[in-house]
Amino acid sequence: MSQLTKNTFKAQAPSNIAFIKYWGKKNIQEPINPSLSMTLKNSKTITSWEIIPSDKYELEIYLDDVKKDSFKSKIEKWFDYLGSDFDFLKRSKSIIRTHNTFPHSTGIASSASAFASLSLCLTQIHSHVNGKELEAEQISELARLGSGSASRSIEGPFCEWGGTSDKFATPLKNVHESFMNLRDAICIVSNEKKSVSSTIGHGLMDNHIFQSSRVKQANLNLNLLNSAIENGDVWKFGEILEEEALTLHSLMMTSSPSFILLEPNTLAIIKHLRKFRNDYNIPLFFTLDAGPNVHLIYLSKDQQKVESFIENDLKSYIPYGVIYDEVGLGASILYE
Ligand code: 2P0
């Protein structure tokens, strides 16, 4: 074991968009149902973590050079979950600086990219202190302890969590070439902070009247989606995507208390999208995160037609613009 010395480690990690939705937890940050997501490419968090040996534990966090004490409690909870291998964190000062390449409150999960990038920094600190390199699955497990969806941002192009293991996510092995260039146009209908945090939303599944049927449905959909992605069945893929998005929101609407996060513009986009799909037989689908913004998912071969549909027909429903992203390969260490 080497001594901890003052050092700075850097990493970047993308966000991801879930196709099968994680909604509900058990134990320590384990999901009640399996989920499957597409790793994004451009929407990412870049993190640097300076660690300084110290008698006194200290933590400072900056987002875009602005000190964010409000982030401390989630990160300190993460430190508590990490286990004795990471006790050195309690005997040091950490200065964490993060920057997102995408705006806040846009329907892109910043906690996924943030904890994935933090975990990749932490593995470097860990190997610096303990001399041991961690495997991708172990890094995914660290990320999960910070934020469940972050477990799926370490690798790409598609990751599954809660089927093979509740502890970490694994990349799908068999991906048909049609899905290798999948695109995601994120239509921002609102940039307001979410009215219900995901952590509270997960908690509402504990006593949800539909809990057991939801778990069954997610397991069934995981198998169906896996087969569709393996066989290149784009239409089946899209059917499941939309069922999952609407189920997530149905669960929120039927929880106690109940939440409606959809906005009129969300529904307008969905209606227009379905008409466009029927009229032109183009496989364009939607999915939703826990918010009103709509992720449009399509193949790269249809990019031109879909993007002119977005720019011409959907623009009036998207007051805050569109972020164009695509499938990506996961997190990476940044060397200075
Ligand atoms: C997902 N979401 O699968 C689902 C779909 C939102 C809707 O995971 O409490 O930020 O940090 O584990 O991962 C959002 O919840 O929650 C989420 P925590 P997380 O992507």
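In each ligand, atom 1 is the first atom listed, and ligand 1 is the first ligand listed.
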**Item:** Tyr317 ring center near His272 ring center (under 6.0 Å)
**Value:** yes
Tyr22 and Trp161 aromatic centres sub-6.0 Å | yes
**Message:** Any carboxylate oxygen within less than 4.0 angstrom of a Lys/Arg side-chain nitrogen, looking at Glu141 and Lys167?
**Reply:** no
Under 4.0 Å between heavy atoms, the region of Ser198 that gets near ligand 1 turns out to be side chain
Atoms in ligand 1 with a heavy atom of [X] nearer than 4.0 Å:
| X | answer |
| --- | --- |
| Ser111 | 10 (O) |
| Lys74 | 11 (O) |
| Lys25 | 9 (O), 12 (O), 18 (P) |
| Leu248 | 7 (C) |
| Asp289 | 2 (N), 5 (C), 6 (C), 7 (C) |
| Gln29 | 12 (O) |
| Ala18 | 1 (C), 3 (O), 20 (O) |
| Ser149 | 8 (O), 10 (O), 13 (O), 19 (P), 20 (O) |

In Phe309, Phe286, Phe285, the residue satisfying ring-ring contact (aromatic ring centres under 6.0 Å, His included) with Phe276 is Phe309
Only residue of Gln29, Lys25, Glu30 satisfying side chain to side chain contact (heavy atoms under 4.5 Å, CB included) with Asn27 is Glu30
Atom 20 (O) of ligand 1: of Met252, Lys21, Arg152, the nearest heavy atom sits on Arg152
Note: heavy atom closest to atom 11 (O) of ligand 1, options Ser147, Ser197, Ala143, belongs to Ser147
May I ask you to decide if the ring planes of Phe115 and Trp78 are parallel, tilted or perpendicular, using 30° and 60° as cut-offs?
perpendicular
- Task: Evaluate the ring planes of Phe79 and Trp49, with Trp represented by its six-membered ring, and classify them as parallel (under 30°), tilted (30 to 60°) or perpendicular (over 60°).
- Result: parallel
*If you measure every N/O of His202 against every N/O of ligand 1, is any gap under 3.5 Å?*
yes
Query raised in the report: Purely on distance, is any nitrogen or oxygen of Gly146 under 3.5 Å from one on ligand 1?
Result: no
Using non-hydrogen atoms of the residue, decide whether Ala109 is closer than 4.0 angstrom to ligand 1. no
protein heavy-atom neighbour closest to atom 8 (O) of ligand 1 works out as Tyr22 CD2, 3.0 Å
(Q) I'd like to know if the side chain of Ser119 and the backbone of Ala143 have a donor-acceptor N/O pair within less than 3.5 Å. (A) yes
task: Please answer whether the main-chain N or O of Leu251 pairs with a side-chain N or O of His208 as donor and acceptor at a distance below 3.5 Å.
output: yes
Are a donor atom and an acceptor atom from the side chains of Gln304 and Ser308 found within less than 3.5 Å of each other? no
